[in-house]
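Read through the structure below, which is laid out as structure tokens, and then see the notes.
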2 protein chains.
Amino acid sequence: MPTESGRRIPEATVSRLPQYYRVLLENTGTGLVTISSDRLAELAGVNAAKVRKDLSYLGSFGTRGVGYDIEYLLHEIARELGLTQDWPCVIVGIGNLGAALANYRGFGARGFRVVALADADSSKVGQKVADLEIEPVTELTTICEREKVTIAIIATPQSESQNVADTLVEAGVKSILNFASGMLSVPDGVAVRKVDLATELQILSFYQLRNGNGNNGSANGTGPS
Amino acid sequence: MPTESGRRIPEATVSRLPQYYRVLLENTGTGLVTISSDRLAELAGVNAAKVRKDLSYLGSFGTRGVGYDIEYLLHEIARELGLTQDWPCVIVGIGNLGAALANYRGFGARGFRVVALADADSSKVGQKVADLEIEPVTELTTICEREKVTIAIIATPQSESQNVADTLVEAGVKSILNFASGMLSVPDGVAVRKVDLATELQILSFYQLRNGNGNNGSANGTGPS
DNA sequence: AACTGTGAACGTCTTCACAGCG
DNA sequence: CGCTGTGAAGACGTTCACAGTT
């Protein structure tokens, strides 16, 4: 895992930056100019020391005795996460979930525009979902090039997911969000994040058995308050 | 048999058990009776030592020189995860995502039955989705009691999510899968897992910027491959 | 010989506690 | 004084390497 510059940001920190970002966004327009690590921690549901350490990886732009300038911090996090850029996305597999994702307005931060939809089912091809026409998955390479796709969302059945991923990688896509249940093999340099509903439910099931235990998964997760 | 006193299973292990379970399921009916940690690791996309250590927390039921009996292992993992039981689920918030989840056949393991749907929008109440009639969210407490709901899925806008969670907790629900973007405050003893699409995309965006970096997320979390 | 089970080493993440600055 | 930034300690997770078992 090569790191290009001296400033290596731990993975755990990266996965929390979006939470801080959201909290900060919700605090703009409230008249508040600064926010303390304590307050930010409370709103994001984490420990204050963790907030300070996380932010210190981006540089030290808090003011002692005062806190962090909200606007400035937002800007810095956005820059670090690449939210100042436009990332055209394609969704592959327009079933229930794929269609819901296509329509999902809550993709939150701007910059993630769904620019194309693809499906293997020829009876779906040509239909419109969220103002986009579904294209045949056989055209995936062409689509990625035409739309300069950088992020792909796979919402196909698991049986197709590896093939789709291979095609995407071939077409130069470097980031994949995978909703299919299996693991994807991709070359180094391609990032994959997985969202698996069955897995989440099974983990909850475990903690349900062990009740009275406030534990939960942390990775993406939420801590018990 | 190993030390059997403290059977505490690390959280990281719990979050991988569903993956092993899925892989094992896919290997039933292939004539194979046993599987080695090496093979299981390869299929699950993890390190073999990790597989052995993870499974050793459940007890030691591999056979040296041979591997693990697939059927037996499946049974043990299912028992540990509580997949032998029935967990009635309610989905709150039947928008695009909630409806897709209601229709989602891929909830994978049996046992997670969606038994009720609720929404705050009165124009949706009474409509049928996935053969279930949408009920008013004001009835949530009644619904949970009537259906003996153990797991709730929140797919409402963030603004409603905390209220919904409070009601669910009040009604005795101990496990929540949260698709809304914010954090939920819940008492100890209630498990929350969060799935946030915007967060996932933002994390991918980060690694997109730092390209050439072979990093990726693991099951839920973030773990370099 | 093949493979598991596990102590020990190592690396990463979290938390504490306080020095340092405004 | 209030709050950040951070070294150091500790908890947790992963990986190695090999003893032990069939």
Side-chain angles (χ1 to χ4, degrees), chain A residues 1 3 6-17 19-20 32-70 72-73 76 215-224, chain B residues 1-17 19-20 32-42 44-70 72-73 76 203 215-225:
Chain A
M1 318 308 147
T3 313
R7 256 210 359 247
R8 174 158 181 273
I9 300 182
E11 192 164 312
T13 294
V14 171
S15 74
R16 279 187 298 266
L17 291 179
Q19 320 299 329
Y20 301 149
L32 284 174
V33 174
T34 59
I35 191 168
S36 68
S37 60
D38 264 313
R39 179 75 180 131
L40 182 46
E42 187 190 341
L43 294 172
V46 302
N47 174 299
K50 199 184 274 181
V51 169
R52 292 199 297 277
K53 186 140 279 198
D54 283 342
L55 297 181
S56 78
Y57 290 117
L58 310 193
S60 71
F61 31 73
T63 308
R64 290 166 200 240
V66 179
Y68 300 88
D69 183 281
I70 294 178
Y72 186 57
L73 193 48
E76 286 300 313
N215 214 340
N216 69 5
S218 59
N220 248 328
T222 314
Chain B
M1 290 302 263
T3 53
E4 171 39 62
S5 41
R7 287 225 319 168
R8 181 169 169 260
I9 300 182
E11 190 165 314
T13 294
V14 172
S15 75
R16 280 186 297 266
L17 291 179
Q19 319 300 328
Y20 301 149
L32 284 175
V33 174
T34 59
I35 191 168
S36 68
S37 60
D38 264 314
R39 179 76 179 130
L40 182 45
E42 187 190 339
V46 302
N47 174 297
K50 199 183 273 181
V51 169
R52 292 200 297 277
K53 187 141 279 200
D54 283 342
L55 296 181
S56 78
Y57 290 117
L58 310 193
S60 72
F61 30 74
T63 308
R64 291 167 199 240
V66 179
Y68 300 88
D69 184 282
I70 294 178
Y72 186 57
L73 193 48
E76 286 300 314
I203 295 170
N215 218 336
N216 71 8
S218 67
N220 243 313
T222 25
S225 58

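Values reported hereafter were calculated over all heavy atoms of this structure, with side chains retained and with hydrogens, waters and symmetry mates removed. None of these values were measured; they are calculated from a predicted model. Throughout, a chain's letter reflects where its sequence line sits, starting with A, and its residues are numbered from 1.
Here the shortest heavy-atom pairing between Ser15(A) and Gln19(A) reads O-NE2, 3.9 Å. Looking at every heavy atom in both residues, Ile70(A) comes nearest to Leu32(A) through CD1-O, 3.8 Å.
Applying the salt bridge (Lys or Arg N to Asp or Glu O under 4.0 Å) test to pairs two or more places apart or on separate chains, those with a residue in residues 35-49 of chain A are Arg39(A)-Glu42(A).
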Polar-atom pairs under 3.5 Å, protein N or O versus N or O of nucleotides 19-22 of chain C: list them with distances, or write none.
{"from": "dG20(C)", "atom 1": "N3", "to": "Arg64(A)", "atom 2": "NH1", "distance (Å)": "3.1"}

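Not counting sequence neighbours, Tyr68(A) has no partner by the side chain to side chain donor-acceptor pair (under 3.5 Å) test. By the side chain to side chain contact (heavy atoms under 4.5 Å, CB included) test, Val33(B) is found to be paired with Asp69(B), residues two or more places apart in sequence or in another chain being considered. Scored by the side chain to side chain donor-acceptor pair (under 3.5 Å) test, Ser36(A) finds no partners at all (sequence neighbours excluded). Looking at residues two or more places apart in sequence or on another chain, you find a side chain to side chain contact (heavy atoms under 4.5 Å, CB included) between Glu76(A) and Phe61(A), Tyr72(A), Arg79(A). Every residue two or more places apart in sequence or in another chain was checked for a ring pair (Phe, Tyr, Trp, His ring centres under 6.0 Å) with Tyr57(A), and none qualifies.
The span of DNA chain D lying next to chain A, judged by atoms under 4.0 Å from heavy atoms, is bounded 5' to 3' by dG2(D) to dA8(D).
In this structure, the side chains of Leu73(A) and Leu55(A) come closer than 4.5 Å at one or more pairs of heavy atoms.
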Kindly list each side-chain donor-acceptor pair under 3.5 angstrom involving residues 44-52 of chain B, sequence neighbours excluded, with atom names and distances?
{"from": "Asn47(B)", "atom 1": "OD1", "to": "Ala49(B)", "atom 2": "N", "distance (Å)": "2.6"}
{"from": "Asn47(B)", "atom 1": "OD1", "to": "Lys50(B)", "atom 2": "N", "distance (Å)": "3.3"}
{"from": "Arg52(B)", "atom 1": "NH1", "to": "Ser37(B)", "atom 2": "OG", "distance (Å)": "3.1"}

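Note: CG (Asp38(B)) to P (dA1(C)) measures 17 Å, nearest angstrom. As a whole-Å value, the separation of Arg39(B) CZ from dT4(C) P is 13 Å. One can place NZ of Lys53(B) at 16 Å from P of dG11(C), the figure rounded to the nearest angstrom.
Map Arg52(A) and Ser36(B) each onto its nearest nucleotide of DNA chain C; the residue landing nearer the 5' end is Ser36(B).
Of the residues in residues 54-62 of chain A, none has a non-hydrogen atom less than 4.0 angstrom from any atom of DNA chain C.
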